[in-house]
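See structure below.
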Amino acid sequence: MMSHLINISRKIRNVHDLRQLHAQLVHHSLHHHNHWVALLLNHCTRLVAASNYASHIFESATYPNVYVFICIIKYYSQSQTQSEAVSLFKHMQYNDIKPDASLYPILIKCAGKACGVLFHSHVLKLGYVHDHYVRNAIMGMYAKYGPVHLARKLFDEMHDRNVADWNVIISGYWKWGNEEEASRIFHMMGESQRNVITWTTMVTGYAKSRNLKTARMYFDNMPQRSVVSWNAMLSGYAQSGEPQATIRLFNHMLNSGNEPDQTTWVTVISSCSSLADDDPSLVDLVLRKLEKVNFQSNYFVKTALLDLQAKRGNLEAARMIFDQLGVGKNSVTWNAMISAYARAGDLSVARDLFNKMPERNTVSWNSMISGYAQNGESLMAIKLFKEMISSKDSKPNEVTMVSVFSACGHLGALDLGNWTVSTLNENNIKLSISGYNSLIFMYSRCGSIEDATIIFQEMETRDLVSYNTLISGLAAHGHGMEGIKLMSKMKEDGIEPDRITYIGILTACSHAGLLEEGQKVFQSIKVPDVDHYACMIDMLGRAGKLEEAMKLIRSMPMEPHEGIYGSLLNAACIHKRVELGELAAAKLFKVEPHNSGNYVLLSNIYASAGRWKDVDKVWDTMRKQEVQKTTAWSWVEHKGEIHKFIVGDRSPKRSDDIYKLLANIKVKLRRAGYVVDKSCVRRDVEEEEKEEIVGVHSEKLAICFALLVSDIGSVIRVGKNLRICLDCHTSIKMISKLEGRQIIVRDNNRFHCFSDGLCSCNDYW
DNA sequence: GTAGGGTTAG
């Protein structure tokens with residue numbers, strides 16, 4: 001019978017075999033015996049079986065001896081539950097079982113700093129400190145948690161070091177960023193003393209400090225390479241954002257007859273994920289290779305593969321991998337699936353998974369919050385962020401804040417933005433450059449270009465995005481000259497402007513009426529993009545130089561796109577040039593027949609020329625083409641809350657109050673000598689009476705005025721594709737004078753700052 | 001039984 005059981009135990013390949021052996025042992029009442037318990041636990045460790053199964057086996061031992069404890073502690077130290085290992089060790093001490101030296105390296109490795117130091121004192125007392133494995137583990141503990149000089153002290157005191165000791169101290173110095181000392185010790189070693197791990201440690205060290213050239217030099221000079229060495233170099237390229245180089249080295253690896261392992265595939269697949277848009281054929285090639293080798297993928301590989309399928313747009317394939325993972329899914333798998341749906345814009349499915357997942361972490365919240373933020377659901381993003389803070393199961397980090405800042409910026413909600421900034425300190429969040437960049441974006445989109453500038457100035461280092469964000473902000477606020485100055489400062493700092501910078505600068509010039517400066521900048525662009533031409537058409541058009549604009553269009557080396565004709569149509573509208581407007585509109589109706597904005601502009605051109613029949617014709621075409629007119633809306637922030645208003649909609653809670661207030665203002669305005677008509681206001685001056693009043697815009701703005709005068713000062717946000725029309729401008733100017741206050745209105749991406757009856761943006765006028 | 005490599009969020 002015994003030999004039968006021993007035979008079974010030799011043939012264990014998977015968890016199923018293990019369970020069968022366990023059943024046999026229970027059948028023969030042998031499962032209490034330490035010998036068999038230890039054997040089963042060793043199999044658990046080898047197979048990475050479920051932790052409750054291992055503890056079940058352990059508990060069946062009646063009087064566990066030191067070997068059984070070693071097995072279970074080893075098991076826990078290799079699975080995710082390392083704190084269990086330490087608590088079992090305490091359990092062992094409680095039962096007066098004397099640990100032997102071989103247990104300490106395992107314990108120290110998984111203990112964390114405080115326990116590690118405690119174990120150090122244990123081994124000193126027990127006299128185990130001269131054991132090679134023990135002292136190596138202690139050194140490794142100090143190398144990992146610091147202070148690294150204690151590791152060095154142990155190292156210096158050794159008179160019979162082996163290669164593992166050298167390797168630990170070198171990797172310790174790399175961990176603490178001490179490249180110099182790591183390299184010094186490497187060179188202290190003799191050529192024959194170094195092994196493949198020593199070399200790999202150097203490759204990893206240089207790769208992690210982004211010194212890929214030196215990393216590659218060590219890699220090329222290695223006497224021999226293991227699969228780990230290849231993986232170290234591959235991940236070096238991958239982590240530095242060089243996916244092409246990763247794939248190139250991977251091909252080199254295969255061609256020189258090396259067998260990739262799970263880690264290799266994870267690295268390569270995740271590099272493919274970032275190439276999914278740029279080079280789909282290369283990605284297909286790698287996927288075919290993976291199919292050909294047909295090997296056992298672990299969860300890491302499957303999760304990476306899930307992410308890749310999602311990023312190349314194959315959500316079904318991604319979902320299949322997710323479902324096939326069954327109960328083996330961890331939070332990373334869930335997060336990958338959630339962000340896949342969120343990226344694709346399928347927010348309800350993403351949210352459903354988010355609600356269902358068993359354990360959420362910071363990445364789960366971030367995936368969902370950024371999903372909302374990037375799909376225009378700014379309010380939902382902020383709502384979920386508030387839930388995250390009160391849930392307390394995970395803390396927000398910089399990535400969370402980037403999404404939240406962006407959401408606040410899109411809303412133009414300054415109070416909310418200031419509140420999110422205050423959560424930074426409460427949660428001890430440090431920002432990196434990209435965090436500060438999103439803060440610049442938020443402040444500038446919330447109308448506070450001053451705060452945006454302060455953040456920019458306070459930054460220790462700035463990158464291209466920092467400059468571009470502030471330049472675009474200045475452009476939107478009409479500060480053209482400051483934008484140009486910032487561009488020269490940028491060049492002084494050694495950062496070359498890119499196409500985004502030039503779009504920002506040209507927009508700034510266009511909005512500030514800086515024609516000459518804008519033209520100079522345009523001429524300095526080496527290879528102008530079609531969008532740069534669009535900015536120039538806009539600039540010339542606003543300045544009334546429509547003939548020059550037409551000339552520029554004809555001289556373009558590329559095919560004009562909708563932005564070009566859009567700018568032309570806009571200019572024709574401002575300067576009431578019917579024939580040019582018709583030309584531009586005809587082009588636009590072909591390219592984007594369902595954009596309602598173009599029809600509205602053309603109809604406005606006809607209206608300003610008194611050609612009412614043509615106005616009707618435009619609206620008829622719109623109806624025939626079934627063009628949906630964008631509903632006019634606006635929102636304002638009041639005490640951290642967002643109030644959205646849709647034209648004609650009287651349902652919001654406060655709408656009765658608002659309309660009452662509106663009526664009051666009308667009275668106030670009439671007394672001050674203004675004409676109030678259909679909820680809009682204008683001065684009763686002859687030349688302005690000719691202006692056609694576009695009711696929709698005026699009404700919703702009027703609602704905002706009501707809020708403004710009811711003691712709320714913040715940015716008014718006007719819906720996308722809508723423009724503030726002339727009468728609105730007049731109204732706001734007048735109210736700013738009447739109320740003696742500053743009013744900021746955001747119209748798509750432009751800001752209009754009104755104070756004392758003047759507007760600082762000379763757009764349209 | 002010591003040392004080296006890996007998945008998800010902006």
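A note on names: the letters A, B, ... follow the listed sequences, proteins ahead of strands, and every chain is numbered from 1. Basis for what follows: all heavy atoms, side chains included, without hydrogens, waters or symmetry-related copies.
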N/O donor-acceptor pair under 3.5 Å between A:Arg194 side chain and A:Met222 backbone: no

Given B:dG6, B:dG10, B:dT7, identify the nucleotide with an atom nearest to the side chain of A:Thr263. B:dG6

Salt bridge A:Arg351-A:Glu387, side-chain N to carboxylate O under 4.0 Å: yes

Give the C-alpha distance, both sets of side-chain angles, the deciding distance and a yes or no for side chain to side chain contact (heavy atoms under 4.5 Å, CB included) between A:Phe405 and A:Val421. CA-CA 8 Å; A:Phe405 290 153; A:Val421 173; 4.1 Å; yes

Does A:Asp165 get its side chain close enough to the base of B:dA3, under 3.5 Å, for a donor-acceptor pair? no

Regarding A:Asn330, tell me which of base, sugar-phosphate or nothing describes its non-hydrogen contacts under 4.0 Å with the strands shown. nothing

Tell me whether the count of non-hydrogen atoms from other residues, nucleotides or ligands lying under 6.0 Å of CD in A:Glu259 goes above 12. no

For a quick check of understanding: with a heavy-atom distance under 4.0 Å over all strands, which category does A:Lys311 fall into, base, sugar-phosphate or nothing? sugar-phosphate

Within the 4.0 Å heavy-atom criterion, would you say A:Asn397 contacts the bases, only the backbone, or no part of the nucleic acid? base

Would you say A:Ser235 reaches B:dG6's phosphate, i.e. side-chain N/O to OP1/OP2 under 4.0 Å? yes

Atom CE of A:Met141 and atom P of B:dT2: how far apart are they, to the nearest Å? 18 Å

What's the closest nucleotide to the A:Phe300 side chain, out of B:dT8, B:dG6, B:dG4? B:dG6

For A:Ile321 and B:dT8, what is the distance between atoms CD1 and P respectively, to the nearest whole Å? 13 Å

Looking for any heavy atom pair under 4.0 Å, which part of the strands does A:Lys208 touch: base, sugar-phosphate only, or nothing? sugar-phosphate

Of the candidate nucleotides B:dA3, B:dG4, B:dT8, which contains the atom at the shortest distance from the side chain of A:Asn167? B:dA3

Atom CH2 of A:Trp166 and atom P of B:dG4: how far apart are they, to the nearest Å? 17 Å

Using whole Å, report how far OH of A:Tyr299 lies from P of B:dT7. 18 Å

What does A:Thr204 touch in the nucleic acid at a heavy-atom separation under 4.0 angstrom: a base, only the sugar-phosphate, or nothing? sugar-phosphate

Side chain of A:Val168, heavy atoms from C-beta onward: which of B:dA9, B:dA3, B:dG6 has the nearest atom to it? B:dA3

Can you tell me how far P of B:dT7 sits from CD of A:Gln262, to the nearest Å? 14 Å

Contact list please: residues 365-376 of chain A against DNA chain B, heavy atoms, distance less than 4.0 Å, in numerical order. A:Asn366, A:Ser367, A:Ser370, A:Gln374

Hey, does A:Arg343 reach any base, or is it just sugar-phosphate, or nothing, if we go heavy atoms under 4.0 Å? sugar-phosphate

Among B:dT7, B:dA9, B:dG4, the nucleotide that comes nearest once only the side chain of A:Thr201 is considered: B:dG4

Do we get A:Lys356 above A:Trp334's six-membered ring, with its NZ or CZ under 6.0 Å from the centre and within 45° of the axis? no

Determine yes or no for a side-chain-to-main-chain donor-acceptor pair under 3.5 angstrom, with A:Ser183 supplying the side chain and A:Glu179 the backbone. no

Is there a side chain to side chain contact (heavy atoms under 4.5 Å, CB included) between A:Thr423 and A:Met401? Walk through the geometry before answering. CA-CA 9 Å; A:Thr423 64; A:Met401 300 318 291; 3.5 Å; yes

Distance check needed: B:dG6 C1' versus A:Lys302 NZ, whole Å only. 16 Å

Taking CZ from A:Phe186 and P from B:dG4, how many angstroms apart are they, rounded to a whole number? 15 Å

Ranking B:dT7, B:dT8, B:dA3 by distance to the side chain of A:Asn335, first place goes to B:dT8

Quick one, A:Val203 with A:Trp199, criterion side chain to side chain contact (heavy atoms under 4.5 Å, CB included). Give me CA distance, side-chain angles, the key distance, then yes/no. CA-CA 6 Å; A:Val203 172; A:Trp199 283 93; 5.6 Å; no

Base, sugar-phosphate alone, or nothing: which one does A:Lys395 contact when heavy atoms must sit under 4.0 Å apart? nothing

Which nucleotide, B:dG10, B:dT8, B:dA3, lies nearest any side-chain atom of A:Glu398? B:dG10

Which of A:Asp463, A:Asp498, A:Asn437 passes side chain to side chain donor-acceptor pair (under 3.5 Å) with A:Asn468? It is A:Asp498

Out of A:Ser391, A:Ser394, A:Ser403, which one pairs with A:Trp365 under the side chain to side chain donor-acceptor pair (under 3.5 Å) rule? A:Ser394

Side-chain atoms of A:Asp307 come closest, of B:dT8, B:dG4, B:dG10, to B:dT8

Hey, can you pull the residues of residues 223-232 of chain A with a non-hydrogen atom under 4.0 angstrom from DNA chain B? A:Ser226, A:Val228, A:Asn231

Phosphate OP1/OP2 of B:dA3: any A:Gln193 side-chain N/O under 4.0 Å: no

Using atom CG of A:Asn437 as one end and atom P of B:dG10 as the other, report the distance to the nearest whole Å. 16 Å

Whether the side chain of A:Arg343 engages the backbone of A:Lys311 through a donor-acceptor N/O pair (distance < 3.5 Å, no angle test) should be reported. no

Contact class for A:Asn162 (heavy atom, under 4.0 Å): base, sugar-phosphate, or nothing? base

